[in-house]
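Read the structure below first, then the notes.
All values reported here derive from a predicted model rather than from experimental measurement. For ligands, and for the atoms within them, numbers begin at 1 and follow the listed sequence.
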Amino acid sequence: MLASLFAMMSMATNAQTYLDPNAPLEERVKDALSRMTLHEKVNILHAQSKFTSAGVPRLGIRQLNMDDGPHGVREELEWNTWSPAKWTNDSIVAFPSLTCLASTWNRELSEAYGDAVSEEFAFRGKDIMLGPGANIARTPLNGRAFEYMGEDPYLAGEMLVPYIKAAQANGVACCLKHFVLNDQEIDRFTVNVNVSERALHEIYLSPFKRAVEKANIWTIMGSYNLWKNVHCCHNDELLNGILKKDWNWDGALVSDWGGTTNTWEAAMGGLDIEMGTYTDGKLRESEFGYEHYYLANPFEKLLKEGKVPMSVLDDKASRVLRTIFRTAMNPNKVIGSQCSEAHYEACRQIAEEGIVMLKNQKNILPIDATQYKKILVVGDNATRSLTKGGGSSELKSLRDISPLEALQTLYGDKIDYAQGYYAGRSIYDRVDAIDPAKQAELNAEALQKAQGSDLIIFVGGLNKNHRQDCENGDRESYDLSYGQNELISQLAKIQKNIIVVMFGGNPYSMPWLNQVSALTHCWYLGSESGTALANVLCGKVCPSGKLPITFAEKYEDYPYVKYGPEAYPGVNKQVHYKEDIFVGYRHFATNNVTPRFPFGFGLSYTTFSCSKPVAAKSGNEVTITVTVSNTGAVAGKEVVQVYAQSPKGELPRPIKELKGFAKTKLLQPGESQTLSITIPVEELRHFNDSQHDWTLISGDYTFHVGTSVNDIFGKATVNL
Ligand code: BGC
């Protein structure tokens, strides 16, 4: 006892490198670790409240404060429960959903997003933001697709990198989620994903790898589901093998909340911080003290018994200390701000560029208000707060401008409104429990008002209710709910000038498409939702968003559907990704299935011409050069997309794979810009299951250059 007291006193006189902000990070980590007792090391590896993990108060080492993510800072919850803490100063800016960010195809906006959102986290005293998300839109039914970046691993990865870099430059760690294969919400706690090694690497791991290698992501969240029948929060092969050894990652792996299920696996399977664990199938959290966490007393016992080597403990503790010094004890961490005008500005710009215009017959858009006396807005999403609901990404936003509000500001008395249908208010209101009489009454009111209008703007789509776009449940159908399809058709019969505006994180069927004049898809747009939408509809902003997800004509066209329930949502808690690498457009393009709207597609108010692409190889890179000219009458932006087609090899390959893209600046009418898109040759490799490694096939590579995967304006070939 006395001896250890002396040891502690003598240590205290040593230079405290770990507290020196100018000392190299690894020296701070080593020094701090050398001063900690075994119990203190264990103590930083698990939660001490719902959203914090402990530091070492005796040594002045700070705790880690975490919060959801990914679209803004979540409302403050009580220390020990999921109930709101009822703070009055925790209202924030709600940023657009990540699917909307992906739709901008604009890396600068991604950087602006990461910068602004992390400033809000910093101001609220947070060190780790639980986001962004990088799971793949494999099914249009996934309840959480809105939190991710679409179906293509390259687009997702490229858009993640600037976001993460900007946030971490502010001293706030991103926690990229959910690693990995958490591509459905049905059975998310129990489903085991069977996927080929090739699809795992080429599709599902790819955005995470890019975030590790190109953005040096500081923390990653393990997913609930299993891979090779082991939970991904403590899956040795996945976490110690692929992530930490093969990718050489030095960050901390955080469990998803309640995703840890076993002490031995938690100890040996690569988990560093255990969060949100509760007992008995996640029922009785109040009786379960933090000292009972798998990585608390039970882990300490294994260490003391010599069953787990101390090196395992030191590795985990070092990763957590590294995270603390990178964030909570980072002298360059910004103070940040909350609800600043600059944040609203970023929010609005991202929203405006993420809106995708899918149809615009006879140029009904932008709206020429002089032509209309009465504009009828119909639909629940015209007034509903879409920052509420959805699960852990729900936000308490200070400003939440609805489409109706913004359209009223723009067009004043010309605007009339009818709700048209009822979509439930509590997130657990079931679609089939909605009173048909109430629905009929709202339908009738809208149809009656339609008679007296000369333009209808229908604002509908999905919402954040359970089994719409919401955590812990997938959509029940590819069709829109609440009778929207029938209502749109009926409205279109009365008034042919009808503009449809849809919100949602997923595609849906559109049996009414031929009857309507225009369609824009808005994802979720955040605090400035209405303003951004109105700016696009009135023409103040020229749309430039492009789909990051294929919109199929019918559900059966998605690649896994033909394989039946084994391929989704699984049978006996086993799901088999039988479509393999042919996810999204990789399937539609290769197997000649015509989508309703292809990946990468989006219309503009202006027109562009693109020069014949020129490809040049230099060293280990191929550069494609294209000149884009605005040939229309208004200023606009265009996205040039490069899809590679590789020479025939032993393995099947998609006919087109996105390998590069660039967005022009705002081009004035008549203005041109030359874009150079560089593709490192290693990006053209594929993963070879038999060699367990990446290989490059030699031969002619064709680069299809276009404005969507199906709108190719030129090709260039390079021999590699
Ligand atoms: C979600 C995570 C979230 C966590 C904390 C989990 O249920 O899957 O994405 O960060 O809860 O709210």
Side-chain angles (χ1 to χ4, degrees), residues 46-53 64-85 90 92 97-99 117 121 124 126-136 142-149 160 167 172-191 193 207-208 217-226 231-234 252-261 271-278 281-283 285 290 293 387-396 427 464 466 469-474 505:
H46 57 84
Q48 59 165 1
S49 77
K50 268 276 168 265
F51 279 96
T52 70
S53 60
L64 285 170
N65 297 330
M66 318 179 191
D67 213 344
D68 287 303
H71 306 136
V73 198
R74 186 177 184 171
E75 169 181 26
E76 212 59 43
L77 301 184
E78 286 180 353
W79 182 253
N80 207 26
T81 79
W82 289 106
S83 308
D90 60 345
I92 42 70
S97 64
L98 290 186
T99 330
V117 74
F121 274 83
R124 279 271 296 281
K126 308 296 177 191
D127 307 302
I128 302 182
M129 135 163 73
L130 304 175
N135 296 101
I136 294 289
N142 182 8
R144 289 186 90 173
F146 69 100
E147 294 185 63
Y148 308 135
M149 305 274 232
L160 287 168
V172 174
C174 288
C175 188
L176 189 61
K177 59 197 191 183
H178 308 88
F179 193 66
V180 63
L181 301 168
N182 186 178
D183 312 304
Q184 65 185 55
E185 289 297 292
I186 294 188
D187 293 334
R188 64 174 176 162
F189 298 113
T190 46
V191 74
V193 180
F208 289 94
I217 180 92
W218 288 339
T219 67
I220 293 179
M221 185 186 292
S223 60
Y224 289 129
N225 54 278
L226 300 85
H231 281 282
C232 291
C233 286
H234 35 62
L253 194 290
V254 182
S255 76
D256 199 345
W257 270 236
T260 314
T261 53
L271 174 64
D272 301 310
I273 305 181
E274 177 190 357
M275 297 299 297
T277 302
Y278 6 112
K282 306 161 179 59
L283 291 176
E285 54 188 310
Y290 295 100
Y293 270 43
T387 61
K388 299 272 173 291
S392 56
S393 63
E394 174 170 60
L395 294 169
K396 180 168 154 188
I427 73 159
K464 302 279 187 70
H466 185 54
D469 276 340
C470 184
E471 191 173 329
N472 205 14
D474 285 349

> Does the side chain of Ile128 reach to within under 4.5 Å of the side chain of Trp218, using non-hydrogen atoms?
Replying inline: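 With C-beta onward as the side chain, the pair stays apart.
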
> Quick one: are Arg144 and Arg188 in side-chain contact, heavy atoms under 4.5 Å?
Replying inline: yes

For ligand 1, the portion of [X] having any non-hydrogen atom under 4.0 Å away:
{"X": "Met66", "answer": "neither"}
{"X": "Trp82", "answer": "side chain"}
{"X": "Met275", "answer": "neither"}

> Tell me, which protein residue and heavy-atom name are nearest atom 3 (C) of ligand 1, and how many Å apart are they?
Replying inline: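 The answer is Asp68 OD1, 3.3 Å.
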
>> Just to confirm my output: which protein heavy-atom neighbour is closest to atom 6 (C) of ligand 1, and how far is it?
In response: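 Heavy-atom neighbour on the protein nearest atom 6 (C) of ligand 1: Asp256 OD1, 2.9 Å.
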
> What class does the angle between the rings of His178 and Tyr148 fall in, given that below 30° is parallel, 30 to 60° is tilted and above 60° is perpendicular?
Replying inline: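 Ring orientation, 0 to 90° scale: perpendicular.
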
> Parallel, tilted or perpendicular for Tyr290 and Tyr293, by the 30°/60° rule?
Replying inline: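 Aromatic pair Tyr290/Tyr293 classed tilted.
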
> So, Glu75 and Arg124, do they make that salt bridge, N to O below 4.0 Å?
Replying inline: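 A salt bridge is absent here (no side-chain N lies under 4.0 Å from a carboxylate O).
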
> Does a side-chain N-to-carboxylate-O contact under 4.0 Å join Asp90 and Lys396?
Replying inline: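 The answer is yes: the pair qualifies as a salt bridge.
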
>> Considering both backbone and side-chain atoms of Tyr224, is one of its nitrogen or oxygen atoms within less than 3.5 Å of a nitrogen or oxygen in ligand 1?
In response: yes

Would you mind running through ligand 1 and noting each atom that sits below 4.0 Å from a heavy atom of [X]?
{"X": "Phe51", "value": "5 (C), 12 (O)"}
{"X": "Arg188", "value": "7 (O), 8 (O)"}
{"X": "His178", "value": "2 (C), 8 (O), 9 (O)"}
{"X": "Leu130", "value": "10 (O)"}

>> Run Glu274 and His234 through side-chain contact (heavy atoms from CB on, under 4.5 Å) and show every step you take.
In response: CA-CA 10 Å; Glu274 177 190 357; His234 35 62; over 6 Å; no

>> Measuring from non-hydrogen atoms of Glu147 to any atom of ligand 1, is the shortest distance under 4.0 Å?
In response: no

> Does ligand 1 have any atom sitting under 4.0 Å from a heavy atom of Arg74?
Replying inline: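 The answer is yes, since Arg74 has a heavy atom less than 4.0 Å from ligand 1.
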
> Between Ile217, Ile220, Asp67, Val254, which is the residue that forms a side-chain contact (heavy atoms from CB on, under 4.5 Å) with Cys175?
Replying inline: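 The option that passes is Val254.
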
